[in-house]
Colleague: 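Encoded as structure tokens, here's the structure I'll be asking about.
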Amino acid sequence: MRFIFKTSYDQDIRLARHGGHVFWYSLLVAFLVVAPWVIDEYWLAQLTFVLIYGIVGLGLMLLAGFTGQFSIGHAAFLGAGAYTQGVLTNAGVPFPIALIAAAALSAAVGVVVALPALRVKGIYLGIATLSFGFIVEEVFARWESVTGGNAGLHVKAPEIFGWSLGSGDGFYFLCLVVAVISTLGILNLLRSPTGRAFVAIRDSEISAQSMGIHLARYKTMSFAISAALAGLGGALYAHKLSFISPDQFSILQSIDLLLMVVIGGLGSVHGAFLGAIFLIAMPQLISIGKDWLPEAIGQAPGLQGLVYGLVLIAFVLFEPLGLYGRWLKVRTWLQLFPFYRRGLFKRQKSFTKSDRLR
């Protein structure tokens with residue numbers, strides 16, 4: 001009996017469920033480690049942005065995908081972390097301390113937003129966070145003595161123990177380490193009682209409250225952790241661009257972040273990074289596609305917004321689980337082939353709808 005109990009316990013605490021996960025994730029980490037030597041500088045910069053947006057996506061995924069609290073003003077937390085990092089780094093504060101301060105201040109801002117928003121949910125919560133985003137953007141523009149106003153703020157290159165990380169390779173590895181630590185932290189948080197409380201609130205607040213879950217406490221905690229990760233990503237974002245201005249943290253940025261997690265796949269850690277890849281790759285694909293379109297269409301203003309809207313509508317209608325949901329279906333098809341049945345996912349979808357009535 002001891003041996004069986006120990007085996008079950010080991011399976012519960014193991015992050016990788018089987019040897020296949022260990023192999024593929026090890027292969028992915030190996031590729032990310034050798035990436036600076038196998039891809040050119042431009043694609044390495046794009047990969048760095050994927051890691052930064054992936055960190056921000058983890059926070060928004062925790063809030064929207066696992067707690068069910070949608071935010072349409074998440075760029076405000078991104079900007080709070082970016083400006084905190086820029087101001088402290090320019091003042092000579094060591095990089096690790098500035099990074100922690102950026103995450104802590106963003107978390108504090110998240111708590112400030114969460115407390116008055118506890119009484120609303122759904123579209124009303126979205127409107128509240130949207131209003132907060134407008135307020136923070138205006139603060140960035142008007143507080144010129146600190147943020148530089150609309151003229152922007154230049155950010156120094158990060159240094160750790162006298163080692164400058166201004167080069168592409170050094171900063172890339174810094175973002176990679178932060179992304180790996182953030183991912184492992186979120187995975188362990190979701191397997192803890194706190195993470196399960198978040199999921200219970202997402203599925204049904206009434207049921208969660210009946211089980212003794214303190215809604216206000218866990219919602220506030222979710223906002224704080226989500227904002228802290230957004231601030232962490234914002235700090236790295238500021239160093240990557242070396243220049244920040246209020247228009248970089250507008251409502252359009254918030255919509256892009258929400259679009260990222262929805263298309264990546266709500267309720268999955270993988271979806272945060274898949275959505276980040278989509279967010280970085282889509283402008284490149286649109287730029288390439290313009291050459292194949294008639295000039296009247298390819299040069300039309302607002303083409304990128306139109307494509308984003310069409311892609312979002314397509315995912316909402318045909319693949320609500322996002323890119324990760326599509327991958328799960330492809331993987332299931334490969335596992336069941338040639339015994340796959342056409343109606344498998346339709347029955348699963350109808351069950352999900354009836355099981356999660358609001």
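Computed from a predicted structure; not experimentally measured.
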Colleague: Give me the atom names and distance for the closest heavy-atom approach of Gly110 to Ala227.
Modeller: CA-CB, 3.8 Å

Colleague: With a 3.5 Å distance limit and no angle check, can you tell me whether Thr89 reaches the backbone of Gly86 through a side-chain donor-acceptor pair?
Modeller: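 Not a single qualifying donor-acceptor pair exists.
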
Colleague: side-chain contact (heavy atoms from CB on, under 4.5 Å) with Ser182: which of Ile186, Leu184, Val178?
Modeller: Val178

Colleague: Of all heavy-atom pairs between Met211 and Ala200, which one has the smallest distance, and what is that distance?
Modeller: CE-CB, 4.3 Å

Colleague: So Ser71 and Leu60, do their side chains get closer than 4.5 Å, heavy atoms only?
Modeller: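 Leu60 vs Ser71: side chains touch.
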
Colleague: Please tell me whether Phe140 and Phe134 are part of a single hydrophobic cluster in this structure, the criterion being side-chain heavy atoms less than 4.5 Å apart.
Modeller: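 Yes: a chain of side-chain contacts under 4.5 Å links Phe140 to Phe134.
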
Colleague: Looking at Leu28, I'd like to know if its CG atom is crowded, meaning that more than 12 non-hydrogen atoms belonging to other residues, nucleotides or ligands lie closer than 6.0 Å.
Modeller: yes

Colleague: Rounded to the nearest 0.5 Å, what separates atom NE2 in His239 from atom CD1 in Ile52?
Modeller: 10.0 Å

Colleague: If we ignore hydrogens and angles and just use 3.5 Å, is the side chain of Asn150 paired with the main-chain N or O of Pro246 as donor and acceptor?
Modeller: no

Colleague: Between Gln253 and Gln248, is there a donor-acceptor pair closer than 3.5 Å when you use the side chain of the first and the backbone of the second?
Modeller: yes

Colleague: Would you check if the side chain of Thr220 reaches a backbone N or O of Val111 as a donor-acceptor pair within less than 3.5 Å?
Modeller: no

Colleague: Identify whether Leu236 and Leu88 are in the same connected component of the hydrophobic contact network (ILVMFWY, side-chain heavy atoms under 4.5 Å).
Modeller: no

Colleague: By the definition side-chain contact (heavy atoms from CB on, under 4.5 Å), identify the one residue from Val261, Leu187, Leu229, Ile225 that meets it with Leu58.
Modeller: Leu229

Colleague: Does Trp143 share a hydrophobic cluster with Val87, counting links as ILVMFWY side-chain heavy atoms below 4.5 Å and allowing steps through other members?
Modeller: yes

Colleague: Check for a donor-acceptor pair, side chain of Thr147 on one end and backbone N or O of Gly149 on the other, with a separation under 3.5 Å.
Modeller: yes

Colleague: To the nearest 0.5 Å, how far apart are CE in Met61 and CG in Leu257?
Modeller: 11.5 Å

Colleague: In terms of heavy-atom contacts, does CD of Glu41 have more than 12 from other residues, nucleotides or ligands at under 6.0 Å?
Modeller: no

Colleague: Rounded to the nearest 0.5 Å, what's the gap from CD1 on Ile277 to CE on Met282? Could you check?
Modeller: 12.5 Å

Colleague: Ignoring hydrogens, what is the shortest heavy-atom contact between Ala76 and Phe132? Give both atom names and the distance.
Modeller: CB-CE2, 3.5 Å

Colleague: In sequence, state the C-alpha distance, the side-chain angles, and the governing distance for Leu258 and His74, and then conclude on side-chain contact (heavy atoms from CB on, under 4.5 Å).
Modeller: CA-CA 8 Å; Leu258 186 59; His74 225 64; over 6 Å; no

Colleague: Which atom names give the shortest non-hydrogen contact between Gln284 and Tyr42, and what distance separates them?
Modeller: OE1-OH, 2.7 Å

Colleague: Hydrophobic cluster membership, with links at side-chain heavy-atom distances under 4.5 Å among I/L/V/M/F/W/Y: are Phe70 and Val112 in one?
Modeller: no

Colleague: Measuring from atom CG of Leu125 to atom NZ of Lys219, what distance do you get when rounded to the nearest 0.5 angstrom?
Modeller: 8.0 Å

Colleague: Do the two ring centres, one from Tyr53 and one from Phe278, sit under 6.0 Å apart?
Modeller: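 No: the rings miss the under 6.0 Å criterion.
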
Colleague: With a 4.5 Å limit on heavy-atom distance, are the side chains of Val139 and Tyr83 in contact?
Modeller: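 A side-chain contact is absent here, since even the closest heavy-atom pair is not under 4.5 Å.
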
Colleague: Donor-acceptor pair, distance only, cut-off 3.5 Å: does the side chain of Thr48 make one with the backbone of Tyr172?
Modeller: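 Side chain of Thr48 to backbone of Tyr172: no pair is present.
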
Colleague: How many angstroms lie between NZ in Lys240 and CG in Leu174, if you round to the nearest 0.5 Å?
Modeller: 11.0 Å

Colleague: I'd like to check Pro283 versus Tyr308 (side-chain heavy atoms, cut-off strictly below 4.5 Å). Are they in contact?
Modeller: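 The answer is yes; the side chains approach within 4.5 Å.
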
Colleague: Assigning hydrophobic clusters by single linkage (Ile, Leu, Val, Met, Phe, Trp, Tyr; side-chain heavy-atom cutoff under 4.5 Å), is Leu323 placed with Val316?
Modeller: yes

Colleague: Determine the minimum heavy-atom distance between Ala35 and Leu47, stating which atoms define it.
Modeller: CB-CD2, 4.0 Å

Colleague: Heavy-atom count around Tyr124 OH within 6.0 Å, excluding the residue itself: above 12?
Modeller: no

Colleague: Under 4.5 Å between any side-chain heavy atoms of Phe31 and Leu27, yes or no?
Modeller: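 Sidechains of Leu27 and Phe31: no contact.
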
Colleague: Please test Phe95 against Gln85 for side-chain contact (heavy atoms from CB on, under 4.5 Å), starting from the C-alpha separation and ending with a verdict.
Modeller: CA-CA 8 Å; Phe95 172 77; Gln85 184 72 18; 3.2 Å; yes

Colleague: Under a 3.5 Å distance rule, please check whether Ser222 uses its side chain to pair with a backbone N or O of Tyr218 as donor and acceptor.
Modeller: no

Colleague: Is there a side-chain contact (heavy atoms from CB on, under 4.5 Å) between Thr194 and Arg196 once you walk through the steps?
Modeller: CA-CA 5 Å; Thr194 300; Arg196 294 176 182 178; over 6 Å; no

Colleague: Would you find a donor on one side and an acceptor on the other, under 3.5 Å apart, between the side chain of Ser254 and the backbone of Ala75?
Modeller: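 Between the backbone of Ala75 and the side chain of Ser254 there is a qualifying donor-acceptor contact (under 3.5 Å).
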
Colleague: Under 3.5 Å, side chain of Asn90 to main-chain N/O of His154, donor-acceptor pair present?
Modeller: yes

Colleague: As an exercise, state the distance from CG of Leu63 to OG of Ser226, rounded to the nearest 0.5 Å.
Modeller: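 Here the interatomic distance stands at 4.5 Å.
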
Colleague: Work out which heavy atom in Ala272 is nearest to a heavy atom in Gly57; give both atom names and the distance.
Modeller: CB-C, 3.7 Å

Colleague: Answer whether the closest heavy-atom distance between the side chains of Phe198 and Leu189 falls below 4.5 Å.
Modeller: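 When only atoms from C-beta onward are counted, Leu189 and Phe198 do touch, with a gap below 4.5 Å.
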
Colleague: Could you walk me through whether Phe249 and Glu137 pass the side-chain contact (heavy atoms from CB on, under 4.5 Å) check?
Modeller: CA-CA 7 Å; Phe249 310 104; Glu137 184 184 358; 5.9 Å; no

Colleague: Mind checking whether Phe173 and Leu176 have side chains closer than 4.5 Å, heavy atoms only?
Modeller: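 Yes, at least one pair of side-chain atoms sits under 4.5 Å.
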
Colleague: Less than 4.5 Å apart, any side-chain heavy atom of Phe77 and any of Val113?
Modeller: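 Yes; the side chains approach each other to less than 4.5 Å.
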
Colleague: Taking Ser106 for its side chain and Ala103 for its backbone only, find out whether a donor-acceptor pair lies under 3.5 Å.
Modeller: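 Checked: no pair found.
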
Colleague: Going by heavy atoms in the side chains, are Val56 and Leu78 under 4.5 Å from each other?
Modeller: yes

